[in-house]
Amino acid sequence: MSIFFQAMTVWFNPAHSIEQILRKIAAETDGFDSTFEPGVRPADPKFGDYQGNGVLGFAKKRGVNPRELAQRLINAALASEKFDPALVELSLAGPGFINFKLSPLFLWEWQLAYSTKADYRTGARALKDGRRIVIDYPSANTAKQAHIGHLRPMVIGQAIARLLDFCGAELIRDNHIGDWGTNFGTLIMKIKRDAVDLSTLEDHALVILNEVYKAGSAEEAAQPELRDISRNELVKLQNGDSENTVIWEQIVEISKAAFDKLFAQLGVEVDVTLGESFYRDKVDRVYKELVDIGLAEESDGALVVWHDEVKKFARDSERPYPFNIRKRDGASNYASTDLATILYRLETFKAEEVIYLTDARQQDHFQQLFLTTEKWFKAKGYSLPELRHVFWGTILGSDKRPFKTKSGESVKLQALLDEARSRAYAVVTEKNPDLPEAKRREIAEAVGIGAVKYADLSSNRTQDYVFSWERLLSFEGNTAPYLLYAVARINSIFRKVDLSPDAPIAGASLPETDSELALARKLMGFVTALELTLNDLRPHFLCTYLYELTSAYSTFYNSDKVMVDDAAVRARRLILCARTRTVLMTGLELLGIQPLETM
RNA sequence: GAGGGUGUAGCUCAGUUGGAUAGAGCAUCGGUUUUCUAAACCGACGGUCCUGGGUUCGAAUCCCAGCGCCCUUGCCA
């Protein structure tokens, strides 16, 4: 690095640093003031690495020539000596853009300064520095076999949790299971009617429970008088009846055991499991406080909260739509327990932020929940955590209808995972018939499960997406196999040269070829990708980045041979391989996908 | 009726929140291997960004009015 510019170190996050420096310089430059926002963002590589657009809007408001103003800022920036010309080049372009082009020296210094996962982690920690966040996931329901609808909360929730953790949040993963709902009345009714002995069911217990519930519901539909019995069983349970409590405990245990099996396969981690039942003695305080502050009132025998300022929820709207927090029969519902849960998370976990993960259909519920909480906490003087609802669309089949089996049943999650494994195994066997079977099984596990996860993460979560085995297991395009394959090829190179990918590599020259430079640039983009992903909690930003990085690597791999005779060239290419491997592996792990040594 | 999501290449999807000539993958056509894993790479073809107005230096992106599809809309979660 130039000795004349000792103030300038290689910025971990260049867009941020350039933005900050420019803001400071502008404040001391004629024609600007402290309201000036430089607007620095990544640029199309043909223009540079970053561009600043802020001058355009600023100049327009003041009726001055944007090009002249931008030039003045460039001059001031150069005079400040904050921009070492050996590292970054500034230029004026178009109607008043400022382009920043990083030199090969900068790109290289960056690779040398930030080389390990720990380095990235250290840099990323600033993003959520110590913030106490409760993430509500995957919040499975009980007494029901998991189906494809349970995939997204597990996969998306896991990715977001890992990301928050990586970026420095103090995270509590709270599995808020649905273990206290109306369905237990029906279940207990049917279990008693048929004298089902839950303790003898063993492995297939959940399947039986699933069928018991279905049969029970069907009978209720046919014989409405059974509903009263079910309702009574629920009331008895809620009042602590010992016989019903034993049955309830068995059901919950069976459900948890089944979900634990899926969690293990999908890598879902949970810190606490506090289901709805945990809050059964905490809802009375909610009713009391909401009534005391005049927020909740009786309506048709139920206790409800009206939000008249929102058209849809107002009491005088065409279809009244209150937030029902206690049912007419006095039983709690998920609004009651959700409210009690927020209070608990504030008082016990000291949550500064609570993130809920559910599908898009529950948006009304969360809007009402958040509105109610805001008013309630304000009236009581409780501090209000930031409340976020992270939602997603439906998984569709090729007919654009929700993904179903050929017979029209919902696809069981276990069956989906098994099919992913067997399809991946078939492909591995076709491509690498000589590998031992155990090895092929191991690869199929990572590729199959990884592919299903990646398909779920790589498109914008708020939209529905079309599920296609052929596409998600393809090695072309934005897929897990494509990314995993790149990692495997890098590993192969290091085996060939007999070096550890994590070992320091000395004697490298600066990158020169187009594909080396493009790859080095892309590697720096990891920070921006993390930031973007975190802001909106949309994992597909990270996926898109990893795909682009892999694509840049593949181009490099095909055009620039690593194992060449020139030691300096070979060293720099090995460094690029090592960095690509680190970023890809770090990114894949954040997404919950296990990288492979070989494929 | 109200609210939310959505509409971009034949198909599946991106598009860093208003920036420069709208991008990928698949499909189609053509090319690359005595070279580190060809499960790869390179190139060509392909666009009324649903329609019509508006805002401005600049719009796929923002505002208004329509149209299409999906979802939600009182005691399931």
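To find a chain, count down the sequence lines: A is the first, B the second, and so on, and within it residues start at 1.
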Look through every strand shown and name the nucleotide pairing with [N] as Watson-Crick or G-U wobble, where both distances are under 3.5 Å.
N: B/U17; answer: none
N: B/A44; answer: B/U28
N: B/A59; answer: none
N: B/G3; answer: B/C71

Tell me whether the side-chain N/O atoms of [X] come closer than 4.0 Å to OP1 or OP2 in [N].
X: A/Q463; N: B/A14; answer: yes
X: A/K496; N: B/U37; answer: yes
X: A/R489; N: B/A38; answer: yes
X: A/K327; N: B/C76; answer: yes
X: A/T555; N: B/C42; answer: yes
X: A/Y482; N: B/C41; answer: yes
X: A/R41; N: B/G19; answer: yes
X: A/K400; N: B/U12; answer: yes
X: A/Y557; N: B/A38; answer: yes
X: A/H365; N: B/U73; answer: no

Pick base, sugar-phosphate or nothing for [X], based on heavy-atom distances below 4.0 Å to the nucleic acid.
X: A/F391; value: nothing
X: A/P481; value: nothing
X: A/N535; value: nothing
X: A/S299; value: base
X: A/A93; value: base
X: A/A488; value: base
X: A/N183; value: nothing
X: A/Q362; value: base
X: A/Q51; value: base

From [options], pick the nucleotide closest to the side chain of [X]?
X: A/P42; options: B/A14, B/U16, B/C75; value: B/U16
X: A/T544; options: B/U12, B/A14, B/G74; value: B/A14
X: A/T528; options: B/C36, B/U16, B/A77; value: B/U16

Within 6.0 Å of NZ in A/K101, more than 12 heavy atoms from elsewhere: yes
A/R361 CZ: over 12 foreign heavy atoms closer than 6.0 Å: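 Check fails, neighbour count at 12 or below.
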Pairwise [atom1] distance, [M] and [N] [rounded to whole Å]:
N: B/C75; M: B/G66; atom1: P; value: 31 Å
N: B/A20; M: B/C63; atom1: C1'; value: 24 Å
N: B/G46; M: B/A22; atom1: C1'; value: 14 Å
N: B/U61; M: B/G15; atom1: P; value: 15 Å

Ring-base stacking, A/F47 with B/A20 (5.5 Å, 30° cut-offs):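 Stacked: centres under 5.5 Å apart, planes under 30°.
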Donor-acceptor pair under 3.5 Å, A/N558 side chain vs B/C41 base: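 It does not, because no donor-acceptor pair links the side chain of A/N558 to the base of B/C41 below 3.5 Å.
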Candidate list A/L537, A/L151, A/D456, test side-chain contact (heavy atoms from CB on, under 4.5 Å), partner A/I156, passing option: A/D456
Comparing A/F475 and A/V304 on RNA chain B - which has the more 5′ nearest nucleotide: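 Checking each residue's closest nucleotide, the 5'-ward one belongs to A/F475.
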Parallel, tilted or perpendicular: ring planes of A/F58 versus A/F36, cut at 30 and 60 degrees: perpendicular
